[in-house]
Amino acid sequence: MQEILLIGFYQPDEPLTRFLEAAQQEFNLPVRYLQEFAPLGTGGGLYHFRDQILAGGPEAFFVLNADVCSDFPLSAMLAAHRHQPHPFLLLGTTANRTQSLNYGCIVENPQTHEVLHYVEKPSTFVSDIINCGVYLFSPEALKPLRDVFQRNQKDGQLEDSSGLWRGAGTIRLEQDVFSALAGQGQIYVYLTDGIWSQIKSAGSALYASRLYLGQYQLTHPERLTKHSPGGPRIRGNVYIHPTAKVAPSAVLGPNVSIGEGVTVGEGVRLRESIVLHGATLQEHTCVLHSIVGWGSTVGRWARVEGTPNDPNPNDPRAHMDSESLFKDGKLLPAITILGCRVRIPAEVLILNSIVLPHKELSRSFTNQIIL
């Protein structure tokens, strides 16, 4: 690996700059952010920044959607590519028939793993193999993107399915490239049975945290906290940052992640939750199925609880549903999210609610977005 490039339309700010600097130090690699002049779709940025991607003459380059969690079998994908080089190699996994309609569906040749047919979010069942949004491209993979760009220029302004006008630089990798080139010997799929999930909502972030904690059990057991005399009671997979202070009478787990500088008081119960850096959970608080934002405080005997929206545990091919927060004008039950620097007073209940940053509450809330 020679370099990491982040491509997006978002205006860079101080937190992103700090993140890039920390990542460069941690991985000892150049890490840069390339800002698009306009939203260019899933493939337009790759073509727009093609010279920077190809600088240094890479053998190949990985393309990862930023909204997925996975064990990322990149070494195995690279080995498969070197064994049988092709312009496009897609990471695929399986889904049940109903949920497959929410993803890009792949029909493969089971012997050669060539992608014979690709349909993005089909209206009827096509295949139970879905696109994971993780790719390995050869440099020649940019040529079909150039062809799409030139065709868009020739056709002039284009109107997409939502009725919005998009420019020639907007390239949809899935529809404009994968669907068009399927069956032509250029696209292949590498199937994985490892962990994978999209992160389309805060609820799916909690599920992703659970997947990663479970993965640590196999790959990095030293990252997980074990129950020890004089320490907090640990149930299941729990991560505690070395700088966090956790009272010995606290009960944590399963599936809890505690960030840098967090303080957890006596008698606290934490389950299926993420507590971000600098947060404080005072004595005897109860936090279930929630995300506590950085710098937030939950007062004594307060209860912060959400409702999980997990995949069907009886279906090994089930994935998270990316459902809307609202239905018929009402907030659907979901996990509870406390934004940064929120203050929850003592003996208050926050249930199935979203609290925006810098709020100081004075009473209980249920099924509310607190602005």
Side-chain angles (χ1 to χ4, degrees), residues 1-10 20 29-68 70 72-92 103-104 106 108 112-120 131-158 160 166-190:
M1 190 74 73
Q2 298 297 319
E3 184 179 34
I4 298 172
L5 303 176
L6 307 182
I7 299 177
F9 176 58
Y10 301 103
L20 295 176
L29 281 173
V31 183
R32 292 188 290 141
Y33 176 67
L34 306 178
Q35 184 185 6
E36 300 172 341
F37 63 90
L40 296 178
T42 51
L46 298 176
Y47 182 71
H48 182 72
F49 293 111
R50 60 194 180 279
D51 291 339
Q52 299 193 56
I53 292 172
L54 297 180
E59 170 193 355
F61 56 95
F62 290 100
V63 178
L64 316 177
N65 287 350
D67 62 351
V68 299
S70 172
F72 295 109
L74 305 186
S75 296
M77 292 179 69
L78 183 57
H81 168 77
R82 286 173 170 165
H83 175 70
Q84 197 173 18
H86 297 286
F88 301 91
L89 181 63
L90 283 55
L91 183 67
Y103 302 94
I106 298 168
E108 67 153 356
T112 65
H113 302 295
E114 180 190 353
V115 175
L116 304 176
H117 189 49
Y118 184 94
V119 184
E120 183 68 17
N131 177 9
C132 291
V134 177
Y135 315 117
L136 179 58
F137 291 173
S138 298
E140 56 263 31
L142 293 174
K143 294 177 183 178
L145 275 68
R146 177 198 61 196
D147 296 339
V148 174
F149 176 78
Q150 293 176 345
R151 186 169 64 248
N152 289 349
Q153 278 188 318
K154 183 179 179 181
D155 294 343
Q157 294 288 342
L158 304 174
D160 65 17
R166 56 189 182 93
T170 302
I171 299 174
R172 303 166 303 173
L173 202 55
E174 301 81 5
Q175 294 95 328
D176 297 334
V177 179
F178 296 160
S179 294
L181 294 182
Q184 298 183 25
Q186 298 192 56
I187 309 178
Y188 285 72
V189 60
Y190 180 88

Do other residues, nucleotides or ligands put more than 12 heavy atoms under 6.0 Å from Q2 CD? no

Partner residues of Q184 under the side-chain hydrogen bond (donor to acceptor under 3.5 Å, both in side chains) criterion, sequence neighbours left out: none

Residues which pass ring-ring contact (aromatic ring centres under 6.0 Å, His included) with F49, listed by chain and number, not counting sequence neighbours: none

Between atom CG of L145 and atom CZ of R50, what is the distance when rounded to the nearest 0.5 Å? 10.0 Å

Straight-line distance of F9 CZ to L34 CG, nearest 0.5 Å: 15.0 Å

R32: which residues meet the salt bridge (charged side-chain N to carboxylate O under 4.0 Å, His left out) condition with it, sequence neighbours left out? E3

For Y118, the side-chain hydrogen bond (donor to acceptor under 3.5 Å, both in side chains) test, sequence neighbours excluded, returns E120, N131

Among residues at least two apart in sequence or on other chains, which ones pass side-chain hydrogen bond (donor to acceptor under 3.5 Å, both in side chains) with S138? none

Pairs touching residues 132-144 that satisfy salt bridge (charged side-chain N to carboxylate O under 4.0 Å, His left out), sequence neighbours left out: none

Can you sort out the partners of E114 under side-chain hydrogen bond (donor to acceptor under 3.5 Å, both in side chains), two or more places apart, ordered by chain and number? none

The criterion is side chain to side chain contact (heavy atoms under 4.5 Å, CB included); which residues satisfy it with A38, sequence neighbours excluded? none

Please give me the minimum heavy-atom distance between L46 and L142, naming the atom from each residue. O-CD2, 4.0 Å

Applying salt bridge (charged side-chain N to carboxylate O under 4.0 Å, His left out), can you list everything that pairs with D147, at least two apart in sequence or on another chain? none

Considering only residues two or more places apart or on different chains, which pairs with a residue in residues 36-48 satisfy side-chain hydrogen bond (donor to acceptor under 3.5 Å, both in side chains)? T42-E174

Can you list the residues that meet the side chain to side chain contact (heavy atoms under 4.5 Å, CB included) rule with V119, with sequence neighbours excluded? H117, P122, V126

For P139 versus P58, what's the shortest heavy-atom pair and its separation? CG-O, 3.4 Å

Where at least one partner belongs to residues 75-91, residue pairs that pass side-chain hydrogen bond (donor to acceptor under 3.5 Å, both in side chains), sequence neighbours excluded: E59-R82

Between L89 and M77, which heavy-atom pair has the shortest distance, and what is it? CD2-O, 3.4 Å

Answer yes or no: is there a side-chain heavy-atom contact under 4.5 Å between Y135 and L173? yes

Here the gap from L40 atom CG to I7 atom CD1, rounded to the nearest 0.5 Å, amounts to 9.5 Å

Without swapping roles, check the side chain of N152 against the backbone of I171 for a donor-acceptor pair under 3.5 Å. no

Out of F178, Y190, Y188, which residue meets the side chain to side chain contact (heavy atoms under 4.5 Å, CB included) rule with L90? F178

Side-chain heavy atoms of V177 within contact of F88, under 4.5 Å: yes

Rounded to the nearest 0.5 Å, what separates atom CG in L64 from atom CZ in F72? 6.0 Å

CG/L91 to CG/N65 distance, rounded to the nearest 0.5 angstrom? 11.0 Å

